[in-house]
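Beneath this line is the structure, given in structure tokens, with notes to follow.
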Amino acid sequence: MKLSSYSKGHRLRNLATRALLVVGTIAIIVWFLPRTAQQHFHYDTGKPWPYATLIAKFEFPIYKSDEAVKAEKDSLMQYFEPYYTHNDDVEKLQTARLLADMKDDADGLPRSFNAAIVEKLHELYETGIINKKAWKTTEDNDTAQHVRVVSGKQAISVRVDSVYTTMAAYEKLLDDPQFADHRQELQKLNLNEYIAPNLMYDKDRSEAEQNDLLSGVAMATGTVVPGQRIVDRGQIVDVETYRMLNSYERELNRRSSASDTEMLYRLSGQLLIVTILVLLFTTYLQLFRRDYFDKPRSIMMLYAIITIFPVVTSLMVSHAILSVYLIPFAIAPIFVRVFMDSRTAFITHTTMILASAVAVKYQYEFIIIQLLGGLIAIYSLRELSNRAQVFKTAIFVTTGYVLVYFALQLMQASDEITIDRDMFSYFIFGGILLLLAYPLMYLIEKTFGFTSNVTLFELSNTNKGLLRDLSEVAPGTFQHSITVGNLASEIANRIGANALLVRTGALYHDIGKMTDPVFFTENQAGVNPHDNIPYTESARIVINHVTEGIKMAERYNLPVIIKNFILTHHGKGMAKYFYIKYKSEHENEEIDATPFTYPGPNPFTREQALLMMADGVEAASRSLSEYTEENIKQVVERIIDTQVAEGYFAECPITFRDIALAKSTLIERLKSIYHTRITYPEDKD
């Protein structure tokens with residue numbers, strides 16, 4: 001009853017956790033989805049309308065194109081005359097300064113020149129002097145050939161070439177014929193310091209006049225009435241139809257903030273489709289990959305992927321940040337393929353793309369391109385072990401994007417192909433971002449507890465770290481580990497298991513022997529320390545290499561998947577040699593087998609089972625007095641059949657076919673290792 005209650009409570013907690021995960025994923029995705037009224041239509045001039053017949057639901061104007069409106073405004077601006085105010089105080093101030101600074105007969109000029117200079121300045125100020133910087137600003141704004149000079153209550157239109165800039169006024173003063181004989185003396189007076197603009201740009205009046213002028217430009221050329229047909233399915237979109245469709249979308253956007261009902265409908269639709277997608281994804285895992293639910297980090301990674309990418313897509317669309325094609329969507333199926341399996345990678349990628357498509361405008365094009373890109377990534381990168389593989393995958397995916405996009409344009413083309421060249425730039429840049437899969441692998445491993453082939457390759461390097469120490473401290477154990485790794489990986493290749501994983505696990509499975517290496521046969525040189533200690537103590541030392549190995553693995557931060565090989569390579573077996581010896585000396589006693597039993601657990605993966613087989617067979621083969629085919633076969637059959645009979649493989653998904661292939665592989669490999677050599681004749685000389 002207690003066990004039943006515990007199982008029921010455990011199931012309820014699992015269901016609650018899964019429900020919370022599903023609801024949280026749906027809520028996050030829908031929260032970030034854009035909810036503008038923008039229609040998700042994809043259309044271009046010269047291409048057929050791919051949707052159903054579109055009927056206007058309300059009256060709206062047919063807006064002119066931005067180019068047409070700009071052309072009309074530019075045409076009207078040719079008649080625009082900016083306003084300048086005539087400031088009389090400038091002339092008074094500068095003339096007073098000049099008279100105060102002038103002295104009689106200064107610099108050799110006759111006294112009559114004072115009045116002449118003042119008179120000439122008056123003429124210049126009367127005509128008008130404009131600020132050169134302000135004048136250039138009005139030129140840049142496409143002003144007309146006239147300006148309006150406001151003096152008092154009058155605004156007089158004046159040609160721009162009839163007024164002076166400060167430099168032009170100074171040159172006009174020096175070039176006056178009456179000053180021709182005394183030009184050098186005049187230059188010494190620095191008369192330019194007394195020439196200042198007296199025509200001031202009137203920004204407020206000019207902008208008001210400009211707005212009044214441009215307000216006469218009509219933004220629309222017609223009206224579409226409710227019920228009017230805008231375009232039929234398959235109809236070629238011409239310029240006029242394009243304007244009508246564009247105007248329809250603009251009007252929808254303008255009305256979006258006013259309709260709470262439309263917003264509610266849109267939110268409900270988004271919630272419904274995202275819920276369907278997430279539930280289908282969860283159903284797939286429940287039906288075909290239920291074992292992933294027993295690995296919380298695996299489940300977290302899968303749901304994080306189908307959440308993060310739609311959220312990033314929604315943010316880019318909502319804030320108009322570049323193009324969504326810059327997002328390396330194909331990186332998601334790469335990670336799932338490398339750490340899990342290809343079918344889950346495809347389902348995850350499909351769910352993620354369909355959820356992201358809810359946020360984009362051109363959904364059909366987006367879904368086709370990204371789904372095919374994900375398939376290419378899955379097919380081209382079965383395992384990630386070096387940078388070259390990622391580079392090739394990036395090239396393949398980018399090429400696939402370009403070809404699929406080009407094919408879609410061919411399908412929609414009429415008289416000529418219209419291609420957005422910016423799309424190719426997005427594809428290339430997205431392919432470059434796909435190269436981040438290699439460095440991000442480390443982050444994924446640490447966050448979700450996976451072990452990639454890259455890490456396994458690094459761990460299997462025998463020239464550094466723990467393996468180098470093993471080769472120096474316990475060389476016999478090191479050679480034994482290498483041989484076991486080669487045997488186990490050969491079997492793995494035959495049955496379709498992970499050869500790299502089992503080889504790496506084999507290299508570390510006996511690292512605990514470094515604590516007391518001389519107590520293990522492969523490291524002994526004629527002296528056996530077990531001869532001088534009790535059998536229980538010998539068993540304790542031998543069994544202890546498992547727990548010592550785990551301590552070393554933790555000290556060196558080895559992945560959990562490698563630690564499991566250390567724990568399971570003897571399973572819950574016994575140190576039989578010492579157990580039998582002890583039992584023979586205590587025939588009349590009830591023997592407690594616990595001190596002679598390994599802590600386990602038994603193997604729970606195929607790779608761990610292969611290591612147990614290879615380890616047991618390799619160790620037993622060393623005791624053969626003669627390496628004949630029959631002897632090797634008997635050892636292999638006896639060791640593996642005993643392991644099967646004692647239930648060591650009851651908890652792992654290994655088949656009888658796998659075991660049969662393992663036996664034949666071990667026999668063949670051991671025959672090659674211990675093959676008989678010919679006897680060379682002795683040279684009597």
Side-chain angles (χ1 to χ4, degrees), residues 61-99 117-177 179 186-187 189-221 243 247 250 254:
I62 304 175
Y63 296 102
K64 298 177 183 177
S65 66
D66 293 338
E67 293 78 9
V69 173
K70 185 177 184 303
E72 290 188 29
K73 289 183 177 180
D74 291 343
S75 177
L76 284 177
M77 285 298 293
Q78 295 178 5
Y79 304 100
F80 173 62
E81 297 179 1
Y83 282 81
Y84 287 84
T85 303
H86 196 290
N87 190 341
D88 296 331
D89 294 336
V90 175
E91 178 184 353
K92 295 176 182 178
L93 176 62
Q94 298 302 331
T95 301
R97 287 182 59 238
L98 176 62
L99 292 174
I117 293 173
V118 172
E119 180 62 27
K120 189 61 182 177
L121 279 177
H122 174 71
E123 294 178 6
L124 294 174
Y125 280 116
E126 188 70 23
T127 303
I129 301 174
I130 198 170
N131 187 310
K132 184 177 181 181
K133 184 177 180 181
W135 169 240
K136 282 192 170 293
T137 301
T138 54
E139 277 185 329
D140 293 339
N141 290 333
D142 298 329
T143 58
Q145 299 298 317
H146 291 74
V147 295
R148 287 191 173 272
V149 178
V150 180
S151 181
K153 295 183 179 181
Q154 293 184 339
I156 304 172
S157 178
V158 178
R159 288 184 58 85
V160 294
D161 55 6
S162 65
V163 295
Y164 301 104
T165 63
T166 53
M167 181 58 68
Y170 179 63
E171 292 175 353
K172 182 70 174 177
L173 178 61
L174 294 182
D175 292 340
D176 193 287
F179 304 137
L186 284 174
Q187 289 177 340
L189 294 177
N190 296 325
L191 294 177
N192 58 299
E193 296 181 359
Y194 308 101
I195 300 175
N198 67 333
L199 295 181
M200 306 301 178
Y201 179 64
D202 192 336
K203 181 179 179 181
D204 294 338
R205 185 176 293 186
S206 297
E207 289 182 353
E209 181 69 17
Q210 181 177 333
N211 292 335
D212 289 342
L213 183 64
L214 296 180
S215 64
V217 177
M219 304 302 291
T221 57
R243 287 175 51 212
S247 301
R250 287 177 61 179
R254 189 185 68 81

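In summary, of the residues considered (Val147, Thr85, Val149), a side chain to side chain contact (heavy atoms under 4.5 Å, CB included) with Leu199 occurs for Val149 alone. Exactly one of Ile130, Val163, Thr166, Thr165 qualifies for a side chain to side chain contact (heavy atoms under 4.5 Å, CB included) with Pro197. That residue is Thr166.
Leu121 and Ile195 get closest at one heavy-atom pair: CD2-CG1, 3.9 Å. When all heavy atoms of Ser206 and Tyr83 are compared, the pair lying nearest together is OG-N, 2.9 Å.
In this structure, CD on Glu207 lies 12.0 Å from CG on Asp212, to the nearest 0.5 angstrom. To the nearest 0.5 Å, atom NZ of residue Lys70 and atom CG of residue Asp74 are 4.0 Å apart. The NZ atom of Lys120 sits 4.5 Å away from the CD atom of Glu123 when rounded to the nearest 0.5 Å. To the nearest 0.5 Å, atoms CD (Glu81) and NE2 (His146) are separated by 6.5 Å.
Contact of the His86 side chain with the Val150 side chain is not registered, since no non-hydrogen atoms from C-beta on lie closer than 4.5 Å.
Scored by the side-chain contact (heavy atoms from CB on, under 4.5 Å) test, Val90 finds Asn87, Gln94, Tyr125, Ala196, Asn198, Met200 as partners (sequence neighbours excluded). Residues meeting the side-chain hydrogen bond (donor to acceptor under 3.5 Å, both in side chains) test with Thr221, sequence neighbours left out: Arg243.
Listed by first and then second residue, the salt bridge (Lys or Arg N to Asp or Glu O under 4.0 Å) pairs that reach into residues 191-206 are Asp202-Arg205, sequence neighbours excluded.
Checking side-chain atoms of Ser247 against main-chain N and O of Tyr63 turns up a donor-acceptor pair under 3.5 Å.
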